[in-house]
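Below you'll find the structure, written out as structure tokens, and then a few comments.
What you see below is based on every heavy atom in this structure, not just the backbone, and it leaves out hydrogens, waters and symmetry mates. Chain letters run A, B, ... following the sequence lines, proteins first, then strands; residues in each count from 1.
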Amino acid sequence: MSGETPVPAAGALPPGGTPTPTPTTAPTSISTATPSDQLLLVLDGFEGPLDMLLALGREQKVDLTRISILQLADQYLSFVAEARKVRLELAADYLVMAAWLAYLKSRLLLPEPEGEEPSGEDMAAALAFQLQRLEAMKEAAAKLFARPRLGVDVHPRGAPEDLDLRRKSVYEVTLFDLLRAYGRQRARKEGGVLRIAPVRLYSLEEAVQRLSALLGHMPDWATLSSFLPSGQGGGQGGGLLTRSALAAHFAATLELAKAGRVELRQEAAFSPLYVRSRRDGEDATGGPSEDPS
Amino acid sequence: MSIKEVTDSAEAEARIGRLRLLEALLFASAEPLDEETLAGRIGPEAGSMLEELRAHYAPRGVNLVRTGAGWSFRTAVDLAPELRREEEVSRKLSRAAIETLAIIAYHQPVTRAEIESIRGVATSKGTLDLLMEHGWVRPGRRRETPGRPLTWITTDHFLDHFALESLRDLPSVDDLRAAGLLDSRPVLLGLGAVGDDSAVPGDGGAGGDDE
Amino acid sequence: MSIKEVTDSAEAEARIGRLRLLEALLFASAEPLDEETLAGRIGPEAGSMLEELRAHYAPRGVNLVRTGAGWSFRTAVDLAPELRREEEVSRKLSRAAIETLAIIAYHQPVTRAEIESIRGVATSKGTLDLLMEHGWVRPGRRRETPGRPLTWITTDHFLDHFALESLRDLPSVDDLRAAGLLDSRPVLLGLGAVGDDSAVPGDGGAGGDDE
């Protein structure tokens with residue numbers, strides 16, 4: 001089809017030939033995508049970096065056997081640069097491909113070093129082959145699904161008469177059924193539920209109730225920690241329950257102070273907190289400053 | 001060649017086309033089709049065409065028959081004895097049986113107690129019997145442990161049925177996982193607190209892929 | 001009337017009887033029947049009778065077709081537009097699934113790592129198991145290479161579904177082979193999961209594989 005039409009100059013470039021100044025000539029569908037979501041949309045259409053390379057390659061409008069790998073590498077790298085400009089997160093394999101193409105480009109442009117490594121030309125040829133192979137499979141898939149398909153285009157007998165001479169067993173069970181059953185079995189066994197044991201936490205309501213009951217028996221200032229449930233009194237254990245009890249009781253004293261039922265006092269930041277029942281007629285804020293620690 | 005002739009031939013072709021469609025519709029339908037439905041697809045000549053098809057198929061191994069429900073193709077009644085001989089109603093294997101078979105296939109030789117511990121439920125006697133009856137499993141050697149329990153293994157017929165060349169061709173657990181047949185990501189249930197009734201984890205998520 | 005004539009007529013009748021039975025057997029079954037099975041019921045002339053039936057049905061709305069899975073009656077291909085079932089068509093397969101099926105069909109037996117190297121992307125969950133659920137692919141033998149990776153192959157039902165007599169009838173398969181494009185070895189390092197069959201593909205690493 002492209003036999004008669006003039007081939008674009010860039011496309012006519014033999015692989016590994018002199019570089020054309022094309023770094024900014026990203027393919028139109030991508031370069032127009034300045035907004036990140038448009039770029040994302042473009043990216044969404046690809047099944048990985050090789051698929052994207054193939055799409056870029058097709059834009060050269062030449063047979064894949066005559067594709068300019070150097071130009072393709074430039075197109076891909078400028079796409080990745082564009083994506084980074086708009087701070088688009090690219091999956092790792094796109095970046096791996098970019099690194100590989102940058103390396104390939106340097107191998108194609110610089111004189112070949114002596115060594116056993118494959119030459120730049122070999123690497124370019126390998127990439128071209130992979131693109132051809134992927135394109136061949138895409139075309140084959142399209143041809144395959146263009147065939148008349150059973151249940152879509154052609155139909156079997158709609159009301160088969162329960163007679164199957166091929167079936168060797170009365171029971172209908174396929175390898176898929178068997179493997180799926182085992183997969184589920186294993187999933188239940190090895191995966192199952194990651195269960196976190198229920199945690200006992202002290203609630204604010206519990207603490208309020210407890211403090212209210214205890215305060216009647218506490219005529220004078222007492223440290224908050226002395227109100228904590230027995231066993232956690234010191235609060236030294238640092239266990240989740242202890243810490244939650246301390247937090248709940250602290251919040252409870254604030255609640256009760258707000259309701260005017262207790263008074264609070266603290267010497268300095270981080271020093272012990274003292275609590276006592278509110279006494280009528282006394283200045284709540286004054287407090288006995290001479291109180292011992 | 002006159003214009004009339006051309007028209008006739010085109011008409012004849014169109015009629016053959018409709019006859020072929022009628023034939024295909026009757027063949028592919030799971031239910032008998034009534035004349036009204038067919039006329040909707042074929043046109044008013046559906047009735048005469050049905051008679052034409054009936055006559056065509058009358059001497060053959062397949063007949064076009066009309067029942068109360070409508071028209072349908074059926075194998076010729078006189079052939080019934082020869083067809084019925086092989087007739088067997090195929091049945092779905094129970095889920096327990098498929099799972100037990102899968103476990104024997106993957107873990108063989110395996111004792112009944114081991115099967116039960118893997119499945120987490122008791123195996124009914126009928127399950128192993130059924131699998132043995134169908135020639136998929138058979139008793140293997142006794143395990144040289146206390147009680148000398150019987151082990152179970154799969155048969156050649158098992159390989160044959162599932163078109164496997166050898167047991168080594170069964171996909172491994174990793175293969176199953178890669179193919180999407182085994183998804184064992186653990187289900188993380190929320191952090192529950194005893195004081196909070198609603199957060200008590202239920203069992204709902206455990207075997208989420210069950211039907 | 002000579003005795004010979006009587007014999008001939010009896011023979012002809014017996015042949016017609018077998019032809020009718022063959023027709024009925026094929027018609028009754030939704031699944032293709034292979035020639036061997038049919039010969040077991042009909043006799044050695046099954047082959048020639050199948051050809052006779054095929055010729056008889058060729059111009060009709062229902063055809064006798066042969067695929068790799070065997071012989072079966074199917075509606076005529078040219079009637080497809082009038083018989084197409086919308087709900088079936090709308091059940092679209094993902095691009096990944098379609099491409100993976102093509103790769104398995106053309107490159108079989110092929111390992112998952114090879115599929116990934118051809119596509120340049122990891123195979124996501126829900127691809128191979130979906131193809132297997134459709135009955136199009138199944139695990140083949142393990143490759144006798146380090147790691148003994150599992151291979152994937154297509155099934156008889158695949159041939160039946162795509163109306164293929166054999167894998168040699170895959171579209172353009174000869175051209176592709178001649179062009180060297182059915183070479184499934186990995187080419188570039190760093191693309192896809194090259195050479196790593198045991199690896200479990202991670203989720204999300206594929207960056208745009210199917211949903």
Side-chain angles (χ1 to χ4, degrees), chain A residues 43-54 90-94 96-97 99-100 104 123 126-127 129-167 174-176 179-180 183, chain C residues 25 27-31 33-34 37-38 40-41 70 72-77 80 83-85 88-89 95-96 98-99 101-103 105-106 118-121 129 132-133 135 138-139 160-164 170-173 176 179-181 183 187-188 190-192 204-210:
Chain A
L43 195 58
D44 254 0
F46 294 113
E47 302 259 347
L50 201 60
D51 190 40
M52 178 191 276
L53 269 177
L54 183 58
L90 278 179
D93 41 0
Y94 282 85
V96 168
M97 177 63 93
W100 192 87
L104 171 63
M123 289 163 68
L127 177 58
F129 169 74
Q130 253 184 319
L131 292 174
Q132 286 169 44
R133 186 171 64 180
L134 181 59
E135 183 173 61
M137 282 302 106
K138 283 174 183 287
E139 282 169 2
K143 280 183 194 163
L144 191 61
F145 277 82
R147 288 186 64 81
R149 289 172 57 194
L150 185 65
V152 179
D153 303 297
V154 299
H155 303 275
R157 176 89 186 273
E161 290 171 48
D162 256 340
L163 162 81
D164 191 339
L165 302 182
R166 293 183 89 197
R167 197 170 287 139
T174 64
L175 185 61
F176 176 73
L179 298 181
R180 186 173 55 177
Chain C
L25 285 170
F27 222 86
S29 172
E31 299 293 316
L33 298 172
D34 60 47
T37 307
L38 292 169
R41 291 300 298 273
S72 52
F73 277 114
R74 299 288 184 237
T75 56
V77 173
L83 296 173
R84 186 161 290 142
R85 292 184 183 160
E88 296 279 0
V89 181
R95 252 176 77 192
I98 290 173
E99 283 178 26
L101 179 62
I103 290 168
Y106 283 81
I118 291 170
R119 297 191 63 230
V121 75
D129 59 335
M132 204 173 163
E133 193 171 5
R138 62 184 219 83
D160 189 24
H161 186 91
F162 291 99
L164 295 163
L170 282 168
S172 324
V173 68
L176 291 173
L181 292 169
D183 183 348
V187 179
L188 298 179
L191 291 187
D209 208 21
D210 56 358

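Counting heavy-atom pairs under 4.5 Å between each of A:Glu139, A:Met137, A:Gln132, A:Lys143 and chain C puts A:Met137 at the top. Among the candidates C:Leu170, C:Asp183, C:Leu176, C:Leu101, the residue making the largest number of heavy-atom pairs closer than 4.5 Å to chain A is C:Asp183. Options C:Leu164, C:Asp160, C:Val173 differ in how many heavy-atom pairs under 4.5 Å they form with chain A, and the most are formed by C:Leu164.
Shown here for A:Pro49 and C:Gly120, the closest heavy-atom pair between the two residues is CD-O, 4.1 Å.
A heavy-atom distance below 4.5 Å is not found between the side chains of C:Phe73 and A:Arg157. By the 4.5 Å heavy-atom criterion applied to side chains, C:Arg119 and A:Leu50 are not counted as neighbours.
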Criterion side chain to side chain contact (heavy atoms under 4.5 Å, CB included) on A:Arg180 and C:Met132, from CA distance to verdict
CA-CA 10 Å; A:Arg180 186 173 55 177; C:Met132 204 173 163; over 6 Å; no
Checking C:Glu99 against A:Leu134 for the side chain to side chain contact (heavy atoms under 4.5 Å, CB included) test, could you report, in this order, the C-alpha distance in whole Å, the side-chain angles of both residues, the deciding distance, and whether it holds?
CA-CA 9 Å; C:Glu99 283 178 26; A:Leu134 181 59; 4.3 Å; yes
Given C:His161 and A:Arg147, is the side chain to side chain contact (heavy atoms under 4.5 Å, CB included) satisfied, shown in steps?
CA-CA 9 Å; C:His161 186 91; A:Arg147 288 186 64 81; over 6 Å; no
After noting the C-alpha distance and the side-chain angles of C:Leu181 and A:Glu135, does the key distance pass the side chain to side chain contact (heavy atoms under 4.5 Å, CB included) rule?
CA-CA 10 Å; C:Leu181 292 169; A:Glu135 183 173 61; over 6 Å; no
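Neither the backbone nor the side chain of A:Leu53 comes within contact range of chain C; no heavy atom of the residue lies under 4.5 Å from a heavy atom of that chain. With a threshold of 4.5 angstrom between heavy atoms, C:Arg74 approaches chain A through its backbone and through its side chain. Proximity to chain A (any heavy atom under 4.5 Å) is restricted, for C:Tyr106, to the side chain, taken from C-beta onward.
Taking CD of C:Glu133 as the start and CG of A:Leu179 as the end, the distance is 12.0 Å to the nearest 0.5 Å. Put simply, OG on C:Ser72 and CG on A:Leu150 are 7.5 Å apart, with the number rounded to the nearest 0.5 Å.
The side chain to side chain donor-acceptor pair (under 3.5 Å) search around A:Arg133 returns none, not counting sequence neighbours. Residues satisfying the salt bridge (charged side-chain N to carboxylate O under 4.0 Å, His left out) criterion with C:Asp129, sequence neighbours excluded, are absent altogether.
Between the side chain of C:Thr75 and the main chain of A:Val154, no donor-acceptor pair closer than 3.5 Å is present.
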